[in-house]
Structures are given as C-alpha cells and as structure tokens.
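Report on the following structure.
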Amino acid sequence: MPELPEVEGLVRSLKPIVTGKTIQSVEVSETIMTSKANGKEAVLKGTDVQSFCESMPRMTIKQIERRSKYIYFHVIKDGIPYLLVSHLGMSGAWFYVRGLHEIIEEKFKRHTHIIFYFEEGGMLVYADIRRFGELRLLKKEEDYPPLLLMAPEPFDLNALDHYLEMSTLPKYENKPIKEFIMDGHVVSGCGNIYATEALFRMRIHPNRKVKRISKERKIQLFHEIVIVLLDSIENGGSSISDYRKINGESGNMQNRLQMYGKKECPVCHAKTVQKTIGGRTSTYCGSCQR
DNA sequence: ACGATTAACCGGTGGC
DNA sequence: TGCCACCGGTTAATC
C-alpha cells in the first residue's frame, strides 16, 4: 500500500519525466467504462468517462506535487489552470513507458485503467488492481472540500501544533493513539505501516487512549513519525504487496521495518500481537509497548 | 449538531 | 482444486 514516502518517491521520479509534456489523448479501460456505465464511481471521480476524455487532450503538465498521499498534477489548457488529483488507494501505480509491454508485472498490466498519450511520445499509465484509487479533475483545490481538511504536511512547521490541538478535542481524546495518528485530518500521510513503526519505536501501545499520553510523549511520537517517514523516503519506500516505483522496481524500506508484519518482537523476541484497532489490523509487542 | 457506524469502491490472498 | 471470507484508504450517507 502506498503511503506518504511511496507517493513522494513517485512524484520525485515522475517530475523530470512528465513536466512540460502535453496530453494528446486518453484511453480508459473497458472495466472502468462498464463500472461507470453502471453508475459506479470507479477510479474516475466526479465525472463521466466521456467528458473526462474530452477534457484532457491539450492539457500541459506544469508541475507535480505530493500533498499527503495525493498527487497533484497542475495542468493548463488554453491558458486555464486545472488540478488533476490522483490517489493510489490500496493498489494504484503510475508507470511512464513507451509501450504497455514495458509493464512487466502481469497483475499491473492486466489492470491498466487510464492511459495518457503524450504529444511528445511516451505514455503515462495508471494501473490499479483493486480500483480503490481515484482520479479527479478540478478547476481548483477548493472544488473538492475534503482536500482542504487534510492535516498540514508532516514536515511543515505548523504540523506539530495542529496535531497537538487535535489531540485535546473531545472527538479524539478517547480514541486509541494508533487510530488518531492514522487519521488524515490529524497527521498527513501516516498509514498503517508507519504508524505501527512509530508506535513501536516509542514503545507506546497502539490501543492507549490519546488523553493517557503526556504532551511530552505526544511530541516525541510526532517526531518519531516524521523520522520514520523521512527514513522511508530516503530508502525508496516500502514495497509491501502492491507498491511499485514508476520503473516497476520495489523500494527498500520494507527491509528496515521493525514491527510491521513481524511475527516476533526484535527487542524481547516475544510473539507479536495482531489485533484490530480502529478497524485496522495492528501489530505490536504486548510486552514492550505500553 | 455532532459523533459513530455503515456502505461504497474491488480482487489478491490465504485458510479450509 | 475451489470456494469464500478477509483486508483496506478515504469519503459519503445514514443512524
């Protein structure tokens, strides 16, 4: 599953390749067309296939940025700016290739859903096995309000204060800390993998209630989240199940994880505990984490 | 009015 | 081999 570091890596590698390129045409898979025809919001959100395909040609990509786990493609057509927003969901991936045969892994190739053909040659391909991802064309960010409610970027100066403020709200103070830090309105881009790692590094039990953690420890935990995210960015992200880089390669962070997906605690060697917290599978050490 | 729960979007994976 | 429950990031709708 792509989380913040994986999306960051993707944006960094896409940037030099597709910035300045102009979309010539769009191709949408039969699967998506059928779903959309049946009234579903599969991948292409807030639009029908036809108007999307008519809108995209002549769009020039001016800039690409990551915002939380979203990719923002800033595009322009006829002097008018638009924002193409992409979220990879559980299993989305972007590939830049000259032809589909360059996508090696069958399970991605089989689930190719959107292809942007560039005037300059080459194509930007969106593949998504489970189709939980989304693509949304906006005039501006404000046109899709949930984007405005996202927590600040974790590396922004105000991110810590925002998180501390949220932690004292009635809505959050009785929640398990893991659910709290994985909430995109609290911390941007911290999914299951990195929440699990940060909590383990802090030796905090994922089920501990937010209000039962001192301000000092909450601050330390936030720093630990930032550290593990940065460490992962440096190491090319975690390739667990369906994440791939745009050249199809895997990242390396999965080899540096201490708790996520582990059977045994690396510190005390006790068997790890697997339990659902806040609706998500959680792994932790029942004796080291309190 | 707010918070909590549920449904929606899906197919790979693993257990039996 | 075959079936089927399970899993999950995020929002929208409903309770």
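Throughout, a chain's letter reflects where its sequence line sits, starting with A, and its residues are numbered from 1.
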Inset, instruction - Please report the C-alpha distance between A/Asp183 and A/Tyr172 in whole Å, then the side-chain angles of each, then the deciding distance to 0.1 Å, and finally whether the side chain to side chain contact (heavy atoms under 4.5 Å, CB included) criterion is met. - result: CA-CA 10 Å; A/Asp183 188 317; A/Tyr172 287 118; 3.2 Å; yes
Inset, instruction - Just do the salt bridge (Lys or Arg N to Asp or Glu O under 4.0 Å) check on A/Asp143 and A/Lys140 with the steps written out, would you? - result: CA-CA 6 Å; A/Asp143 292 345; A/Lys140 49 189 191 317; 3.0 Å; yes
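Partners of A/Glu224 under the salt bridge (charged side-chain N to carboxylate O under 4.0 Å, His left out) rule, at least two apart in sequence or in another chain, are A/Arg201. With sequence neighbours left out, A/Arg208 forms a salt bridge (charged side-chain N to carboxylate O under 4.0 Å, His left out) with no residue at all. For A/Lys36, the salt bridge (charged side-chain N to carboxylate O under 4.0 Å, His left out) criterion is met by A/Glu41, not counting sequence neighbours.
Relative ring orientation between A/Tyr126 and A/Trp94 is described as tilted, the plane-to-plane angle lying within the 30° to 60° band.
Annotation for A/Tyr72: hydrophobic cluster partners, listed by chain and number, are A/Tyr70, A/Leu83, A/Val85, A/Leu138, A/Tyr144, A/Leu147, A/Met150 (ILVMFWY side-chain heavy atoms under 4.5 Å, direct or chained). Using a 4.5 Å cut-off between side-chain heavy atoms of Ile, Leu, Val, Met, Phe, Trp and Tyr, A/Phe200 falls into a hydrophobic cluster with A/Met259, A/Val267.
Identified under the ring-ring contact (aromatic ring centres under 6.0 Å, His included) test for residues 269-290 of chain A, with sequence neighbours left out: A/His205-A/Tyr284. Judged as a side-chain hydrogen bond (donor to acceptor under 3.5 Å, both in side chains), not a single pair has a partner in residues 154-164 of chain A (not counting sequence neighbours).
Atom pair A/Leu149:CG and C/dG9:C1' shows a separation of 16 Å (rounding to whole Å applied). Look at CD on A/Glu6: it is 16 Å from P on C/dG8, rounded to the nearest Å.
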Strictly under 3.5 Å: I want the nitrogen or oxygen pairs between protein and nucleotides 11-15 of chain C, one per line.
from   : atom 1 : to       : atom 2 : distance (Å)
C/dT11 : O3'    : A/Tyr144 : OH     : 3.2

Between the protein and nucleotides 4-6 of chain C, list every N/O to N/O distance that falls short of 3.5 Å.
none

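The NZ atom of A/Lys77 sits 10.5 Å away from atom OG1 of A/Thr60, with the distance rounded to the nearest 0.5 Å.
Across residues 273-286 of chain A, not one residue has a non-hydrogen atom less than 4.0 Å from an atom of DNA chain B.
The environment of A/Glu142 atom CD is dense: over 12 non-hydrogen atoms of other residues, nucleotides or ligands sit within 6.0 angstrom. Other residues, nucleotides and ligands place more than 12 heavy atoms under 6.0 Å from the NZ atom of A/Lys211.
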Inset, instruction - Let me have a per-nucleotide readout for nucleotides 1-10 of chain B, 5' to 3', with B, S or -, counting only protein heavy atoms under 4.0 Å. - result: --SS----BB
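Salt bridge absent: A/Arg256 and A/Glu197 never bring a charged side-chain N and a carboxylate O closer than 4.0 Å. Under 4.0 Å is where a charged nitrogen must lie from a carboxylate oxygen, and between A/Glu8 and A/Arg66 at least one such pair does.
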Legend entry - Base-pair map of DNA chain B as dot-bracket, where | denotes pairing with a different strand and pairs are Watson-Crick or G-U under 3.5 Å: ..||||||||||||||
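In this structure, A/His87 reaches the C/dT10 phosphate: one of its side-chain N or O atoms is under 4.0 Å from OP1 or OP2. Within the structure, every side-chain polar atom (N or O) of A/Asn192 is placed at least 4.0 Å from both OP1 and OP2 of C/dG9.
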